[in-house]
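Structure first, then comments.
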Amino acid sequence: MLPQSLQETLTAAFARIPVSSFPEVPGGKVIEIPADTSIGDAVRVLSESNIMSAPVRNPDIEYTTDWRERYLGIIDYAAIVLWVLETAGVAAAALSTGSAAAAGVGAGAAGTLGAIALGATGPAAIAGLTVAAVGAAVAGGLRAEKGMAKDAPTAADKLGEDFYKVILQEEPFKSTTVKSILKSYRWAPFIPVATDSSMLSVLLLLSKYRLRNVPVIETGNSSIRNFITQSAVIHGLERCKGRDWFDCISANPISKLGLPFMTPDEVVSVQSDELILEAFKKMKDNQIGGLPVVEGPKKQIVGSVSIRDIRFLLLKPELFSSFRVLTVKDFMNTIASAIPHTGKVIRPLTCKPDETLGSVIHALASNSVHRIYVVGDDNGVTGVITLRDVISCFIFEPPNFFDNYFGFAAQEMLGC
């Protein structure tokens, strides 16, 4: 880690920087979704705005200075996919048994949504829905990289027309509102800061307290003025290049800073010849958003899979029919074929233990990804560095900081 004196100096500096100085979201206006919005319209808003999640506003409260009354939570696309599939009565059964037929799920239930989702009828549609339900339900329940705004520039804008058909034109999807499922599925906690709060509070929430995003509420008003994500902070740090304090810190090798915060044995990975379903199960079980794909006993990295790849289960019907026997390698190859101009598996982002923190920050920011894999001379994976890890290098939590700052209510929400 950084020398204590330097970290104390940085922490004190961030404590003096007001949140209001942080750049606004693209367009200057945070996208909000009223709680009475239909699920279909909510997905359309997310897609058209190129975002993966958004604050949910209570439409019954027009004028209030209390954000607790105005906002109900944060809606997330992956959770919507989970709800759509589970509403058909297939996903939960398929998860526990691996087969809709074995679980006693009728062909009618599977076939109905299968035909809607895939534009087909008969056994192929039923099999397709079963495997899609497994993958989507496993992935949908993750606390994972769910991102806002530019965090996931390609994830939200590639939703398939078939999926739109499900949630926009068929019951109960088209008449179900965001509010009606708000408490039943995994939603990110809504823990805002005020515009006159310090950036230290935001950095702590995004690192130590594991939030993906932090809403900024206007002082004396309950309206959201900004929405700060982990990725936005990393981009902000990248723009600090050239300043003495940043250059001094970023010149340190990551190993000197204690990165990665894990041992090689703690890295969760998946072999390329394992089933893709196993990869999604590992993400769910370990509450992580991505895995390195490796080969051999030395775990040489050959690719990566993430929660964002769930969209391909909806977009590419050919993945459905063979899902239960589809390997991770074949899954990656199929995804690669859908990427314009390349047609090849995108190489995972990696670094060596002697690389500098500055180079890691640049790689994460320029590639708009949430993690970078640390590899040895033999290209074997020895660790993972996430956005949260990088942010935590710059600050620490002063004694009783959140006691003084937020009080009991925030401690309760954060599980302090």
Side-chain angles (χ1 to χ4, degrees), residues 1-11 144-145 151 203 206-208 210 230-231 233-272 279 282-283 286-307 328 332 345-396:
M1 299 297 291
L2 293 175
Q4 183 176 353
S5 59
L6 177 56
Q7 199 168 46
E8 288 177 350
T9 300
L10 281 174
T11 297
E145 263 58 26
D151 287 8
L203 298 182
L206 293 175
S207 56
K208 179 178 179 179
R210 305 179 68 84
Q230 292 175 337
S231 184
V233 169
I234 296 299
H235 280 86
L237 288 172
E238 167 75 356
R239 289 192 293 270
C240 291
K241 186 177 181 180
R243 298 184 181 182
D244 291 344
W245 66 269
F246 179 81
D247 291 347
C248 175
I249 297 168
S250 64
N252 283 283
I254 55 174
S255 57
K256 183 178 179 180
L257 299 172
L259 294 170
F261 298 144
M262 61 176 63
T263 65
D265 291 339
E266 293 174 319
V267 176
V268 181
S269 62
V270 62
Q271 291 281 337
S272 64
K282 286 184 178 183
M283 288 186 224
N286 293 278
Q287 297 183 346
I288 53 180
L291 294 172
V293 179
V294 301
E295 291 183 346
K298 294 185 178 181
K299 296 184 177 181
Q300 293 177 312
I301 190 167
V302 295
S304 64
V305 291
S306 76
I307 182 63
V328 174
M332 291 192 302
V345 174
I346 297 177
R347 296 182 60 183
L349 203 61
T350 62
C351 68
K352 294 294 182 68
D354 59 353
E355 290 193 36
T356 65
L357 179 61
S359 65
V360 167
I361 290 175
H362 175 72
L364 290 169
S366 59
N367 289 277
S368 294
V369 295
H370 289 214
R371 60 187 60 79
I372 186 171
Y373 300 104
V374 183
V375 297
D377 293 335
D378 58 359
N379 213 36
V381 180
T382 61
V384 184
I385 299 175
T386 65
L387 304 184
R388 179 185 303 114
D389 297 335
V390 172
I391 296 171
S392 68
C393 286
F394 289 85
I395 46 98
F396 74 96

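Numbers here simply count residues along the sequence, with the first being 1. Heavy atoms only: backbone and side chains are in, while hydrogens, waters and symmetry mates are out. Quick caveat, the model's predicted, so the values are computed rather than measured.
- Residues Leu349 and Ile372 approach most closely at O-CG1, 3.5 Å, considering heavy atoms.
- The nearest pair of heavy atoms linking Val384 to Arg371 is CG1-CB, 4.0 Å.
- Contact between Ile395 and Ile391 at its shortest, heavy atoms only, is CG1-O, 3.8 Å.
- In this structure Ser269 satisfies the side-chain hydrogen bond (donor to acceptor under 3.5 Å, both in side chains) test with no other residue, sequence neighbours excluded.
- Between the side chains of Thr386 and Asp389, at least one donor N or O lies within less than 3.5 Å of an accepting N or O.
- For Phe396, the side-chain contact (heavy atoms from CB on, under 4.5 Å) partners two or more places apart in sequence, or in a different chain, are Gln7, Glu8, Thr11.
- Contacts of Thr9 classified as side-chain contact (heavy atoms from CB on, under 4.5 Å), with partners at least two apart in sequence or in another chain: none.
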Side-chain donor-acceptor pairs under 3.5 Å in residues 252-262, sequence neighbours left out?
{"unit_1": "Asn252", "atom_1": "OD1", "unit_2": "Lys256", "atom_2": "NZ", "d": "3.4"}
{"unit_1": "Asn252", "atom_1": "ND2", "unit_2": "Cys248", "atom_2": "O", "d": "3.3"}
{"unit_1": "Asn252", "atom_1": "ND2", "unit_2": "Ile249", "atom_2": "O", "d": "3.0"}
{"unit_1": "Ser255", "atom_1": "OG", "unit_2": "Pro353", "atom_2": "O", "d": "3.4"}

Requested in this report: Could you please spell out the steps behind the side-chain contact (heavy atoms from CB on, under 4.5 Å) verdict for Leu237 and Phe246?
Outcome: CA-CA 8 Å; Leu237 288 172; Phe246 179 81; 4.2 Å; yes

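- Every residue meeting the side-chain contact (heavy atoms from CB on, under 4.5 Å) condition with Thr382, not counting sequence neighbours, appears here in chain and number order: Pro264, Val374.
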Taking distance alone, no hydrogens or angles, what donor-acceptor pairs closer than 3.5 Å link side-chain atoms of residues 356-364 to residues at least two apart or in another chain?
{"unit_1": "Thr356", "atom_1": "OG1", "unit_2": "Ser359", "atom_2": "N", "d": "3.1"}
{"unit_1": "Thr356", "atom_1": "OG1", "unit_2": "Ser359", "atom_2": "OG", "d": "3.4"}
{"unit_1": "Ser359", "atom_1": "OG", "unit_2": "Thr356", "atom_2": "N", "d": "3.3"}
{"unit_1": "Ser359", "atom_1": "OG", "unit_2": "Thr356", "atom_2": "O", "d": "2.7"}
{"unit_1": "His362", "atom_1": "ND1", "unit_2": "Glu238", "atom_2": "OE2", "d": "2.7"}

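- The side-chain hydrogen bond (donor to acceptor under 3.5 Å, both in side chains) check on Lys352 picks up nothing, with sequence neighbours excluded.
- Across every non-hydrogen atom of Ile301 and Val381, the tightest pair is CB-CG2, 3.6 Å.
- Checked against salt bridge (charged side-chain N to carboxylate O under 4.0 Å, His left out), Lys298 has no partners two or more places apart in sequence or in another chain.
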Requested in this report: Please assess Ser231 against Leu387 for the test side-chain contact (heavy atoms from CB on, under 4.5 Å), listing each intermediate value before the final yes or no.
Outcome: CA-CA 7 Å; Ser231 184; Leu387 304 184; 4.2 Å; yes

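- With sequence neighbours excluded, the residues forming a side-chain contact (heavy atoms from CB on, under 4.5 Å) with Arg210 are Arg388, listed by chain and number.
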Query raised in the report: Is there a side-chain contact (heavy atoms from CB on, under 4.5 Å) between Val328 and Val305 once you walk through the steps?
Result: CA-CA 8 Å; Val328 174; Val305 291; 4.1 Å; yes

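- Judged as a side-chain hydrogen bond (donor to acceptor under 3.5 Å, both in side chains), and not counting sequence neighbours, Gln300 has no contacts.
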Query raised in the report: Passes side-chain contact (heavy atoms from CB on, under 4.5 Å), Phe394 versus Leu203? Steps please.
Result: CA-CA 9 Å; Phe394 289 85; Leu203 298 182; 5.6 Å; no

